[in-house]
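Single-structure report; data block below.
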Amino acid sequence: MDVFSVLTPGAYTTVQDEGRYGYQQMGIPVSGVLDSFSFRVANMLVENHVNCAVLEITVMGPRLEVLSEADIAITGAEMGMTLNDQPVQCWKSIKVKPGDILGINQVKSGCRAYLAVTGGIDVNDIMGSRSTYVGGKIGGYSGRSLKQGDIIKRGKGLLLDKEQQLSPAVIPQYSSNIVIRAVPGPQDDFFDEGLKTLFESEYMVSAKADRMGYRLQGPVIKHKEEMPKSIISEPSVPGGVQVPADGQPIILLVEQTVGGYTKIATVISTDICKVAQATPGDTICFEQVTLETAHSLYRERQKLMQELEEKHIIAIS
């Protein structure tokens, strides 16, 4: 069912779901949403299946004409959303009807927003996912970001009887000064003072920040003198902190499959969402945690996600 006509596409708007797994050995990255928390809540608010595809919207949002009745929800970065030029609330379901104009403006805080719609964004399932990998022209809407004139379809789904919103107590706040928790390794033995530099310094997000990775600027991280600055290329995971020859760290994200630079640390999975909401000019500090702490924080996040529908999604009469 046609649901949106793209009047303007925004800076970089793609279709994403949880990602495409099992093909990295072929050079095809996982892709998928960068902020999994915002993604899952957006789907909850319109009562979609947890992995329904959404629009991931970066920095500047699209302007969309509504073609059929649906419930929508926008979560993540604050972008000043409007419906027929009237301000509307994020982290809340909204009913739209044909002829409505949805505007998503320039980001005010955070970096990426997520637009869920009844039934999910309907595009072809490629290798088990609807996610867009622009570098390989795979998945999503013709393997690319949205363009003016595109027609977006939605899947089958039931409309809500009542609007729903997320409890303000669990809505994340996005700061320009971000603390990211990380576990040393897997190549932390290539560094000594470099580890201290990473965990005691402040780094700025550079303009070279995208879905492949975030290049940071700050104090140089030095390898041990006897250690090489590169290794035999090996599989990479989202959150790996590479240190290239110039000593400026790069946080790897979801469109990278292998890397040949040493990885001094790995950002824990629950904090990838924080990286996703950082914009160039923001500052990042790394906090060292143990693997046991990372596992505990992951379990806490999973428990929160299970509780959201029961305790934090509020129906509005």
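The figures that follow rest on heavy atoms only: side chains count, while hydrogens, waters and symmetry mates do not.
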Worksheet item: Taking atom types as modelled, is there a side-chain donor on Asp282 or Thr279 under 3.5 Å from an acceptor on the other?
Response: yes
Item to complete: Identify, with sequence neighbours excluded, every residue that meets ring pair (Phe, Tyr, Trp, His ring centres under 6.0 Å) alongside Tyr23.
Response: none
Fill in: Atom of Ala73, atom of Ser93 and distance for their closest heavy-atom approach
CB-CA, 4.2 Å
Item to complete: Only pairs at least two apart or in different chains count here, so list each ring pair (Phe, Tyr, Trp, His ring centres under 6.0 Å) that has a residue in residues 190-221.
Response: Phe191-His223
Worksheet, complete the sentence: For Leu146 and Pro9 the tightest heavy-atom approach is O-CB, 3.2 Å
Discussion item. Can you list everything that forms a side chain to side chain donor-acceptor pair (under 3.5 Å) with Lys274? Sequence neighbours excluded, please.
Written reply: none
Worksheet item: Taking it one step at a time, do Thr197 and Val220 satisfy side-chain contact (heavy atoms from CB on, under 4.5 Å)?
Response: CA-CA 8 Å; Thr197 301; Val220 172; over 6 Å; no
Fill in: Any donor-acceptor N or O pair under 3.5 Å, side chains Glu234, Gln187
yes
Discussion item. Can a side-chain donor-acceptor contact be found between Asp17 and Ser129 if the only test is distance below 3.5 angstrom?
Written reply: yes
Worksheet entry | Lys95 with Glu163: basic N within carboxylate O range, under 4.0 Å | no
Discussion item. Taking Leu160's backbone N and O only, do any of them form a donor-acceptor pair with Asp71's side chain (distance below 3.5 Å, no angle check)?
Written reply: yes
Discussion item. So, using side chain to side chain donor-acceptor pair (under 3.5 Å) as the criterion, who are the partners of Asn48 when residues are at least two apart?
Written reply: Asn43
Fill in: Interatomic distance, Ser38 atom OG to Arg112 atom CZ [nearest 0.5 angstrom]
11.5 Å
Worksheet item: Can we say Glu255 and Arg211 salt-bridge, meaning some charged N sits less than 4.0 Å from an Asp/Glu carboxylate O?
Response: yes
Worksheet item: So if you build clusters from Ile, Leu, Val, Met, Phe, Trp, Tyr with side-chain heavy-atom gaps below 4.5 Å, do Val243 and Met227 land together?
Response: yes
Discussion item. Grouping I, L, V, M, F, W and Y whenever their side-chain heavy atoms are under 4.5 Å apart, do Leu216 and Val183 come out in a common cluster?
Written reply: no
Worksheet item: Roughly how far, to the nearest 0.5 Å, is CD1 of Ile152 from CG of Asp122?
Response: 10.5 Å
Worksheet item: Among the clusters formed by ILVMFWY side chains lying less than 4.5 Å apart, do Ile72 and Val88 turn up in the same one?
Response: yes
Worksheet entry | Side-chain donor or acceptor of Ser206 paired with backbone N/O of Arg215 under 3.5 Å | yes
Worksheet item: When rounded to the nearest 0.5 angstrom, what is the spacing between CG in Leu102 and CD1 in Ile74?
Response: 5.0 Å
Worksheet entry | Electrostatic pair Arg63:Asp100 at N-O distance under 4.0 angstrom | no
Worksheet item: Would Met305 and Arg40 count as a side-chain contact (heavy atoms from CB on, under 4.5 Å) if you check the C-alpha gap in whole Å, the side-chain angles of each, and the deciding distance to 0.1 Å?
Response: CA-CA 8 Å; Met305 299 311 299; Arg40 292 181 67 181; 3.6 Å; yes
Discussion item. Do Val6 and Val66 land in one hydrophobic cluster if side-chain heavy atoms of ILVMFWY residues count as linked below 4.5 Å?
Written reply: yes
Fill in: Contact list for residues 241-254, test side-chain hydrogen bond (donor to acceptor under 3.5 Å, both in side chains), sequence neighbours left out
none
Worksheet item: Is there a path from Met26 to Val258 through hydrophobic residues (I, L, V, M, F, W, Y) whose side chains come within less than 4.5 Å of each other?
Response: no
Practice prompt. Using a strict 4.0 Å threshold on nitrogen-to-oxygen distance, state whether Asp2 and Lys153 make a salt bridge.
Written response: yes
Discussion item. Given Phe37, which partner from the list Leu308, Ile272, Thr270 fulfils the side chain to side chain contact (heavy atoms under 4.5 Å, CB included) test?
Written reply: Leu308
Mind listing the side-chain donor-acceptor pairs of residues 289-302 below 3.5 Å, one per line with the distance, residues two or more places apart or on another chain?
{"residue": "Thr290", "atom": "OG1", "partner": "Thr293", "partner atom": "N", "Å": "3.1"}
{"residue": "Thr290", "atom": "OG1", "partner": "Thr293", "partner atom": "OG1", "Å": "3.0"}

Worksheet item: Between atom OG of Ser145 and atom CD1 of Ile57, what is the distance when rounded to the nearest 0.5 Å?
Response: 12.5 Å
